[in-house]
Amino acid sequence: MAADNPRIAILGFSIECNKFAPPATKAHFLARTYLEGEAILAEARSPAPTMLPEIPGFVAAMDAASSGAGSWSPVGIALAMTEPNGPVEHGFFEEFLATVTERLKAALPVDGVYFCAHGAAITTAEDDPEGVLFERVRQIVGPDIPVVATFDLHANVSDRMVEEIDAFIGYRTNPHLDMRERGEEAALVLRDLLAGGKTERVRLRLPIVPPTVTMLTAAGPYAEMIELGQRRHRELGPDIVNVSVMGGFAYADTAKNGLSVIVTARQGKRDAAEALAREIATYGWDQRARFYPKLTPLDDAVAQALAAGADPSLPALIFADVADNPGGGGRGNTMFMLRAFHEAGVKGALFGIIYDPPLAEEAHKHGLHYHFDARFNRAETTNFSEPWSVPARVAALHDGNCVGRRGIYAGTRLRLGPCAALAIGGITVVIVSHRAQCADPVFFEMMGLDIARARSVVVKSRGHFRGGFDEFFTPDRVVEVDLPGLTSPILNNFTWTRLPRPVIPLDDATEFRLS
């Protein structure tokens, strides 16, 4: 590094916001991860942090590099991180911005900044809160202090987000299994910038708003765009610092929505960055017909679950309720699939996880093996989360404290609140008190449920379940079901007001030309 003991400010604002969902409040952040000052570093270095892995990866990489080349001084500023939800209440965002401003000014001078962002946040009054934060950070530290930021690949990217930082580093995997690695990469890039490196950034946005189920990175058009970028990155060598292909998050409904290519290059290599961004964007546009979702009708899903339950020689299946994904702002409590499976008499099924605090509380009050009328959604009724009552038995109870085992939550300390497993006919349903997507087998396993013995497993998740349940279900045994909900991949189901139009897949006649 350029100097011994560089002072590095660490901060973050991470939430994915669905405009159609109820607002996110300060309480949501306090319930998940809200930290200031040294608490950020203590949590990042703990064996099972509550925060997602980017900051722990960054801190570990900086610690490892510093052990042989002088020390470094991390300076925790503020971190607000929570599960996807609706727009953040603007009053809380302004409070957080003021906290960042006060603490960062008090920390000066600093030699560098690492910012853990998501990129798809909105507030009730601002469509580009990350851009606002980056602009404020730059105003405080000045033009010459390197600022490096990591992003979820669902980021909706504005010019301000790119211009106010020195390196843009996005996830490359969906499910997001490389978060820690991207934090480590941010440390590597920041060390280079501290040694005198300079960068230029290029961004190209396509008129494509990919539905969530078309953005997997194991295969498909989005995966191919990312692979093209990484292949060219290796071929071009050190002239290119990072290549990020951001699929975006449709449900934010902002003017900056759209699949974006961001290339960070060394100073003086802008032409190479522009050429690479154009090549990736051109490839993506040529594949636009593949960004239309294909889902399984509910009746077909019911038939498949009935067959799997009746015939042990058939492979077990995992069904994804992609339209009620808490990982995209869904409430995690729609009854469409559960009700259909129950009424059809599906056997040997596990279903999770349903967000219903009053129902979990009632189950704990009754105790194990109690038979009662389970009333779902008595407290929260939305356009999709309708009440439903059904006879049930309390099969298991848990306090909801666990550590993620696989996938996006691996190694993360989770607090799901009082949880209950309810036996409803041939289905066992896991109820939780803190909303989360069912992306980790631990949510069933902590209740004593054996996933390997289930004939059908239903998860309220869009894609992250693939990184957690892949030890049980190969991709050919995954069924994505077409249902109503706040995260339906059928974008025509929503009324868009700010999303740029025309765009694929909403407008078939969309045109795109690189000038």
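All residue numbers in this chain count up from 1 along the given sequence.
- Ring pair F93/H90 is tilted by interplanar angle, where 30° to 60° counts as tilted.
- Side chain to side chain, N242 and S244 meet the donor-acceptor criterion of an N or O pair below 3.5 Å.
- For the residue pair L153 and T173, the shortest heavy atom distance occurs at CD2-O, 3.4 Å.
- Rounding to the nearest 0.5 Å places OG of S385 at 3.5 Å from CG of N333.
- The pair E135-R160 meets the salt-bridge criterion, with a side-chain N (NZ, NE, NH1 or NH2) lying under 4.0 Å from an Asp/Glu carboxylate O.
- Here the closest non-hydrogen pair linking F351 and I354 is CE2-CD1, 3.7 Å.
- A donor-acceptor contact closer than 3.5 angstrom links the side chains of D253 and T497.
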Show the atom names and distances, to 0.1 Å, of all donor-acceptor pairs under 3.5 Å that link a side chain in residues 210-220 to residues at least two apart or in another chain.
residue	atom	partner	partner atom	Å
T214	OG1	P211	O	2.7
T217	OG1	N174	N	2.7
T217	OG1	N174	O	3.2

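- Salt bridge absent: D440 and R405 never bring a charged side-chain N and a carboxylate O closer than 4.0 Å.
- Taking every heavy atom of both residues into account, A307 and L314 meet most closely at O-CD1, 3.5 Å.
- Side-chain contact of Y34 with T82: a donor-acceptor pair under 3.5 Å is absent, judged by distance alone.
- Using a 4.0 Å cut-off between a side-chain N of Lys or Arg and a carboxylate O of Asp or Glu, R172 and E227 do not qualify as a salt bridge.
- A donor-acceptor distance shorter than 3.5 angstrom exists from the side chain of T487 to the backbone of A323, with no hydrogens or angles considered.
- The stretch residues 286-299 participates, sequence neighbours left out, in these salt bridge (charged side-chain N to carboxylate O under 4.0 Å, His left out) pairs: E224-R290.
- Ring centroids of F13 and F96 are separated by less than 6.0 Å, placing the two rings close together.
- Taking the centre of each ring, F151 and Y171 stay at or above the 6.0 Å mark.
- Within 6.0 Å of the NZ atom in K19, the count of heavy atoms belonging to other residues, nucleotides or ligands exceeds 12.
- Taking all atoms of both residues into account, the shortest heavy-atom contact from L491 to W496 is O-NE1, 2.9 Å.
- A centroid separation of 6.0 Å or more is found between the aromatic rings of H434 and H28.
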- Task: Tell me, with the steps shown, if M81 and H118 meet side chain to side chain contact (heavy atoms under 4.5 Å, CB included).
- Result: CA-CA 9 Å; M81 175 181 287; H118 184 286; over 6 Å; no
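- A centroid separation of 6.0 Å or more is found between the aromatic rings of F291 and W285.
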